[in-house]
Amino acid sequence: MGKITIAIDGYSSTGKSTIAKQLAKALDYVYVDTGAMYRAVTLFAMREGFIGGEKDYLEGLVNALPKVDLKFVYNKSLGFSEMYLNGENVEKEIRTLPVSQQVSKIATIEKVRLKLVGMQQEMGKKKGVVMDGRDIGTVVFPNAEFKIFMTASPETRAFRRYKELLDKGEKVSYKEVLKNVQTRDYIDSHREFSPLRKADDAIEFDNSDMGLKEQLERIYNFALRKIEGK
C-alpha cells in the first residue's frame with residue numbers, strides 16, 4: 001500500500017497538533033509540527049530583542065535568519081519529536097502564552113515563511129508524512145492526497161487552551177486567552193502572504209462538540225480510504 005501526504009490546516013487551538021500526532025502514530029507516518037517551527041523562530045526573535053520590546057525590529061530578525069537552526073529530535077520516552085532551536089530543547093518554552101501572543105506577527109513575515117516552507121517541503125518529499133499548520137494544503141503541499149481543515153468556535157478553542165495553560169502551571173485568565181485566540185484568527189486570516197484559508201479540496205472538520213477519541217477515529221477512517229484510493 002503506497003504512502004500519501006496528509007495536510008492538516010485550521011485555526012489556532014483546534015487540536016491540530018494532537019490529532020496529527022496521533023494520526024501519524026496510528027499510520028506509522030512521520031509527524032511534522034510546523035507551528036512549533038514558527039514558535040521557535042518567535043522565541044529566537046524574543047530572546048534577541050527583535051520583538052517584545054517598545055519597538056519591533058523585524059528587519060533585524062530577517063537578517064539573522066541564517067543563524068536559526070531548527071530540528072525535530074525524537075524523544076523515545078515521550079513517543080514524539082521535540083523542537084530544538086540551535087541545539088537547545090525549547091519544546092516547553094515555545095508553548096507559553098508570551099510566545100503565543102507574538103507568533104502570528106512572526107508568521108506574517110514573507111522571508112520567515114519562505115525559509116520554513118522550504119524546510120517543510122524537504123521533510124515531506126518521501127511522503128508518509130502528516131503535517132499540520134496554517135498553509136500546508138494551500139502552499140506547502142497543494143497536491144497532498146488528503147487535506148483537512150479544522151475549526152471550532154473561538155470560545156471553545158479559548159477554553160481548551162486556557163485549561164491547557166493552567167495544567168502547565170501558568171497564571172492566565174480565560175479572557176486573556178480568548179483575546180489571544182481572536183487576535184490570532186484575524187492576523188492569520190488577513191496576512192498578505194500565505195493567509196489561513198481552507199483549500200478547495202480539503203474536508204472541513206468542526207470539532208467544537210467532539211472528543212479526541214471520536215475525532216481520531218473519524219479522521220483515521222478518512223485517511224485509510226484515501227490511502228486505499230477509495
Side-chain angles (χ1 to χ4, degrees), residues 7-14 16-17 20 32-72 81-125 129 131-142 144 147 149-150 154 157 161 176-177 179-199:
I8 301 180
D9 291 308
Y11 292 98
S12 66
S13 301
T14 48
K16 297 186 303 296
S17 296
V32 179
D33 179 0
T34 65
M37 299 171 76
Y38 286 98
R39 285 174 173 272
V41 174
T42 302
L43 179 61
F44 173 82
M46 293 170 69
R47 287 178 170 181
E48 296 296 316
F50 297 130
I51 58 171
E54 291 183 8
K55 185 179 178 181
D56 293 333
Y57 183 43
L58 300 182
E59 186 180 341
L61 170 60
V62 169
N63 292 335
L65 282 177
K67 298 178 183 177
V68 177
D69 178 57
L70 304 178
K71 286 181 181 175
F72 286 102
S81 295
E82 296 178 297
M83 172 53 65
Y84 279 67
L85 167 64
N86 295 334
E88 175 193 353
N89 186 333
V90 293
E91 185 64 29
K92 289 184 179 178
E93 200 168 351
I94 62 173
R95 308 295 176 181
T96 60
L97 188 58
V99 172
S100 295
Q101 290 171 330
Q102 299 287 345
V103 66
S104 289
K105 182 190 303 179
I106 297 304
T108 63
I109 302 171
E110 183 175 357
K111 289 188 177 178
V112 170
R113 298 201 74 86
L114 288 172
K115 176 185 175 75
L116 298 193
V117 166
M119 294 173 67
Q120 292 155 13
Q121 289 172 332
E122 191 63 32
M123 292 175 185
K125 272 186 175 179
V129 65
M131 198 173 289
D132 74 284
R134 300 290 193 280
D135 61 352
I136 310 305
T138 55
V139 175
V140 182
F141 294 116
K147 301 178 186 179
F149 187 87
M150 294 182 68
R157 291 184 282 126
R161 181 69 175 145
E176 185 181 14
V177 176
K179 183 179 179 182
N180 174 244
V181 165
Q182 292 169 330
T183 300
R184 290 183 67 186
D185 284 353
Y186 183 84
I187 294 174
D188 290 344
S189 301
H190 290 80
R191 63 186 178 221
E192 182 179 355
F193 187 73
S194 190
L196 168 67
R197 66 176 180 83
K198 174 182 169 290

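Both backbone and side-chain heavy atoms feed into the values below; hydrogens, waters and symmetry mates do not. Every value quoted in this text rests on a predicted model; they were computed, and no experiment measured them.
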Can you check whether Ile51 reaches Leu61 side chain to side chain, under 4.5 Å on heavy atoms?
-> no
Under the side chain to side chain contact (heavy atoms under 4.5 Å, CB included) rule, what do Met46 and Glu93 come out as? Steps first, then yes or no, please.
-> CA-CA 12 Å; Met46 293 170 69; Glu93 200 168 351; over 6 Å; no
Rounded to the nearest 0.5 Å, how far apart are OG of Ser12 and CD of Gln182?
-> 10.0 Å
Are the side chain of Asp69 and the backbone N or O of Lys71 linked by a donor-acceptor pair below 3.5 Å?
-> no
Compare all side-chain heavy atoms of Thr34 with those of Met131 and state whether any distance is below 4.5 angstrom.
-> yes
When rounded to the nearest 0.5 Å, the distance separating CG of Leu43 from CD of Glu48 is 10.0 Å
So CD1 of Ile94 and CD of Glu82: to nearest 0.5 Å the spacing works out to 9.5 Å
Gly124 and Val129 have their tightest heavy-atom pair at CA-CG1, 4.0 Å
Note, Val112 side chain near Leu65 side chain (heavy atom, < 4.5 Å) | yes
Heavy-atom pair of closest approach, residues Ala40 and Leu85 = O-CD2, 3.7 Å
Do Glu192 and Thr108 come within less than 4.5 Å of each other through their side chains, counting heavy atoms only?
-> no
So which of Arg197, Lys198, Lys147, Arg113 actually passes salt bridge (charged side-chain N to carboxylate O under 4.0 Å, His left out) with Asp135?
-> Arg113
Side-chain (Asp9) to main-chain (Gly137) donor-acceptor, under 3.5 angstrom | yes
Any side-chain heavy-atom pair of Ile187 and Lys105 under 4.5 Å | no
Quick one: are Leu114 and Phe193 in side-chain contact, heavy atoms under 4.5 Å?
-> yes
Going from CZ on Arg161 to OG1 on Thr14, what distance comes out if it is rounded to the nearest 0.5 angstrom?
-> 12.0 Å
For Leu196 and Gly10 the tightest heavy-atom approach is CD1-O, 3.8 Å
Quick one: does Gln101's side chain get under 4.5 Å of Glu176's, heavy atoms only?
-> yes
Locate the shortest heavy-atom distance separating Gln120 from Phe141; write the atom from each residue and the value.
-> O-CZ, 3.6 Å
Quick one: pull up NZ in Lys115 and CE in Met119 and give me the separation to the nearest 0.5 Å.
-> 6.0 Å
Could you label the plane-to-plane angle of the Tyr11 and Phe149 rings as parallel, tilted or perpendicular, counting under 30° as parallel and over 60° as perpendicular?
-> perpendicular
How about Arg191 and Arg134: do any of their side-chain heavy atoms sit closer than 4.5 Å?
-> yes
Decide whether Ser100 and Arg39 meet the rule of one side-chain donor and one side-chain acceptor closer than 3.5 Å.
-> yes
Met150 and Ile8: CA distance, side-chain angles, deciding distance, side chain to side chain contact (heavy atoms under 4.5 Å, CB included) verdict | CA-CA 7 Å; Met150 294 182 68; Ile8 301 180; 3.7 Å; yes
Candidate pair Arg184 and Arg157, rule side chain to side chain contact (heavy atoms under 4.5 Å, CB included), full reasoning | CA-CA 12 Å; Arg184 290 183 67 186; Arg157 291 184 282 126; over 6 Å; no
In terms of heavy-atom contacts, Arg95 and Ala36 come closest through NH2-CB, 3.7 Å
Nearest 0.5 Å please: distance from the CD atom of Gln121 over to the CD1 atom of Ile136.
-> 9.5 Å
